[in-house]
Amino acid sequence: MAEIVAGFCTSHVPLLGRVIDGGRTQEPYWKPIFQGYEPTKKWLADLKPDVVIVIYNDHANGFSFKYTPTFAIGCADEFNPADEGHGPRHVPVVHGHSRLAWHMTESLVADQFDMTIMNEMDVDHGLTVPLSLACGQPEAWPFKVIPICVNVIQYPQPTAERCYLLGKAIRRAVESYDEDLKVVIAGTGGMSHQIHGARSGLINQKFDNWFIDKLTTSPAELTKISHAEYVREVGAEGMEIIMWLTMRGALDDNVDVLHRFYHVPAMNTAVGNVIMQNSRASA
Amino acid sequence: MAEIVAGFCTSHVPLLGRVIDGGRTQEPYWKPIFQGYEPTKKWLADLKPDVVIVIYNDHANGFSFKYTPTFAIGCADEFNPADEGHGPRHVPVVHGHSRLAWHMTESLVADQFDMTIMNEMDVDHGLTVPLSLACGQPEAWPFKVIPICVNVIQYPQPTAERCYLLGKAIRRAVESYDEDLKVVIAGTGGMSHQIHGARSGLINQKFDNWFIDKLTTSPAELTKISHAEYVREVGAEGMEIIMWLTMRGALDDNVDVLHRFYHVPAMNTAVGNVIMQNSRASA
Amino acid sequence: MTKPADAFEDIPGTVHFNGERLRQGYQLNKFLSSLLEPDNRKAFKADQAAYLTSFKMTDEQRQAVLDRNWVRMLDLGGNIFCMTKLALVDGTPFQQVNAIMSGMTMKEYEEMMNAGGRPMEGIRSKKEQNIG
Amino acid sequence: MTKPADAFEDIPGTVHFNGERLRQGYQLNKFLSSLLEPDNRKAFKADQAAYLTSFKMTDEQRQAVLDRNWVRMLDLGGNIFCMTKLALVDGTPFQQVNAIMSGMTMKEYEEMMNAGGRPMEGIRSKKEQNIG
Ligand SMILES: [Fe+3]
Ligand SMILES: [Fe+3]
């Protein structure tokens, strides 16, 4: 049986990818941020998962507005880093786990999640920056990845509750797989930021920290918050943190926090990184 | 308020489109089929709906296997007939109802249906043949169309139950629209046929007629049937009749059958056409 | 893939087009679907073998296309709806493809269809199978 | 479109990118997204006005692009993620776009961000609005 042994959440700020790729992580402005990710890098290197399921969103790079799936699952063997306007990032190709992805698709669709099956797609910073933050600059990513892309950029987005329920369905899907695999799930995006309009630059440290608290102890409360309230509190672009709820839904009600990091700002954005695992696992 | 005033189901056999386009509907082989559609043509011409929601599937024409949405909704103003290998059908462009389609998308996503929003797409015989069967050869289609494309050609298909629940959610979506519109819903595909492998040519009149009976009186029973049982009884390609359940879900539990037609064969396929409306509507 | 449900496996003469099939036939179906573009149809007709080299198919898949071996294409992951494109380009009636796939002559197949189609007896389950 | 929820309307300085916006900005965003292709970037840089004519945008949208009028692009249905492509092609730091959009100089904006970002006071609701 495959098992989701832990989860982590992280911002996916594109600029952080550029700083890593440009070898500038030790510059004074950036250093505190990358230091905050050191525990995650070490934890993941020690854990050695077979597969990481990455919940992320595309930013009009791998997808155009021609079609917008609410939930898309990457079933291919490979996903290339997308060209986001100045050439693709020089990071390794992302290797999928097609067999598990197809199994998950079958399980999710039977569970009444109306997935869009992706047999070819490029992945943008929403997916590759979390990999860089969590793994640094390896020659190849040290695990397979199942990308699950959520529409958070075009209204109507899935509700926070639906994202949470997707996490629960993902867990059922993984646990019904017929092969032993150590699986980690990552929720990406956020934290508070808005990069358009007169509210550009907002940061809401109070909400961000409250959100992490609630995510740990009582995530169901966060599923009751409307899109408009999320937009109001964490910004139109920051509302992508509803994807953290998918990660959370895939874990037990009781979790231990192994790492918690929060930093303001990375240019326009608050940065957050949390690792959680089921309490029974640590007992 | 918009209202779904009635529904109809029909096969979408591509050959029937070619026969219509070629002016061959009066040939002895085809005539009985087109005669069976005369009541539907008359009924629809008298009813004059503003919008017809067409539940259909694409056959690797408007979509490729690059991506396969479980449920896709057409939100554009226009949908062109697809080139299916020998040039597009010479039928009118299909005009969408973008405002209603976006409203429906908002309502469906809030209702936990994970729609794929289509802002550009071509529609194949799965959609245009039903229009031809129900309207003949007008210069322009006499109503707007909201295409809802269901994946029935790639396993895993949505369950029969999910298709039925989609119909119920579509009804809620239409009924919460702020403008008076007369809406009809069409379920397309089927009836029994298989066009590949050693079972090519199967026709199951007994099941088809039983299915129409049940669809009328107790559709929920049909939602309990597994994909494999559908494939077994109506063929791998015939299992698309699960889309009739979406139409059925959008109507009341009690319906009157205004027209019922069944014919075998149209080359490889059994042909069925049924019109239903809510019993209270006819009272 | 996870083991397809036994129920699907039990149905004779039928391909369960699941993820495994999709993967196996991906490039073959990509070629077949490319025929939806008029320019591609022209290029294919002009030099079939050359056109086929632009798709990362297996040699077996290419040969099956060149031979119009419909049964083999199906075995190698061909999707039946993608295969209709090739039949249309060739002008082959699809009933003929169906006749071939079910091991019948066109005449036999047509007669069967005109008599109401292939009877369901013996084709529901491999246990009672009388086809293939 | 159905009336966007009042809650969205009540949030100041924020575009609710709904179906209406999507439709309004569709061709503009299609142009912006076309810059994801290296060849298109080259063609655009070589002759901006000519390149823009190949998209069915309004003249207003074309002019907003030529003027790099970011506020106008946003008003005319531009999606912010599509707009990042144009900024990248130009080499304009996105913070500068954000400064312009919020009516600040780059220096003011940078200082605000370094001090912990735009404070939430007065930007939650139009009723208490202190921006825009
Ligand atoms: Fe993001
Ligand atoms: Fe069909």
Side-chain angles (χ1 to χ4, degrees), chain A residues 58 60 62-76 79 101-122 147-166 168-170 173 223 226-228 242 246, chain B residues 58 60 62-76 79 101-122 147-166 168-170 173 223 226-228 242 246:
Chain A
D58 181 74
F63 294 78
S64 71
F65 284 112
K66 187 183 162 196
Y67 68 102
T68 305
T70 296
F71 295 135
I73 179 165
C75 290
F79 308 96
W102 276 102
H103 167 79
M104 286 174 62
T105 304
E106 289 175 25
S107 177
L108 290 168
V109 170
D111 232 352
Q112 311 220 327
F113 284 81
D114 314 310
M115 309 307 291
T116 291
I117 305 167
M118 301 304 301
N119 292 307
E120 274 181 63
M121 73 172 175
D122 290 348
I148 295 189
C149 183
V150 178
N151 167 38
V152 292
I153 71 169
Q154 162 73 64
Y155 185 79
Q157 290 87 350
T159 60
E161 187 182 11
R162 187 68 174 165
C163 291
Y164 185 61
L165 294 175
L166 175 64
K168 294 188 176 294
I170 286 172
T223 68
S226 70
H227 289 144
I242 60 173
T246 303
Chain B
D58 181 74
F63 294 78
S64 71
F65 285 113
K66 186 182 161 197
Y67 68 101
T68 305
T70 296
F71 296 135
I73 180 166
C75 290
F79 307 96
W102 276 104
H103 167 79
M104 286 174 62
T105 303
E106 289 175 26
S107 177
L108 290 169
V109 170
D111 232 351
Q112 311 220 324
F113 284 80
D114 314 310
M115 308 307 290
T116 291
I117 305 167
M118 301 303 302
N119 291 307
E120 274 182 62
M121 73 172 175
D122 290 347
I148 295 189
C149 184
V150 178
N151 166 37
V152 292
I153 71 169
Q154 162 73 63
Y155 186 80
Q157 290 87 350
T159 61
E161 188 182 9
R162 187 69 174 165
C163 291
Y164 185 60
L165 293 175
L166 175 64
K168 294 187 177 293
I170 286 172
T223 67
S226 70
H227 289 145
I242 60 174
T246 303

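Proteins come first, then strands; the chains are lettered A, B, ... in the order of their sequence lines, and each starts at number 1.
To the nearest 0.5 Å, the span separating CD on A:Q112 from CD on B:E161 amounts to 5.0 Å. Note: B:N119 CG to A:Q154 CD = 6.5 Å, rounded to the nearest 0.5 Å.
In terms of heavy-atom proximity, B:V109 sits nearest to A:P158 at CG1-CA, 3.8 Å. Across every non-hydrogen atom of B:W102 and A:Y155, the tightest pair is CZ3-O, 3.6 Å.
Contacts of A:D111 classified as side-chain hydrogen bond (donor to acceptor under 3.5 Å, both in side chains), with partners at least two apart in sequence or in another chain: A:R172. With sequence neighbours excluded, the residues forming a salt bridge (Lys or Arg N to Asp or Glu O under 4.0 Å) with B:D114 are A:R162, listed by chain and number. Legend: residues meeting side chain to side chain contact (heavy atoms under 4.5 Å, CB included) with A:E120, ordered by chain and number and at least two apart, are B:K66, C:Y26, C:K30.
Residue A:L166: no heavy atom, backbone or side chain, is found under 4.5 Å from chain B.
You'll find the side chain of A:P156 stays beyond 4.5 Å of the side chain of B:L108, heavy atoms only.
Residues of residues 69-76 of chain A having a heavy atom under 4.5 Å from any heavy atom of chain B, listed by number: A:P69, A:T70, A:F71.
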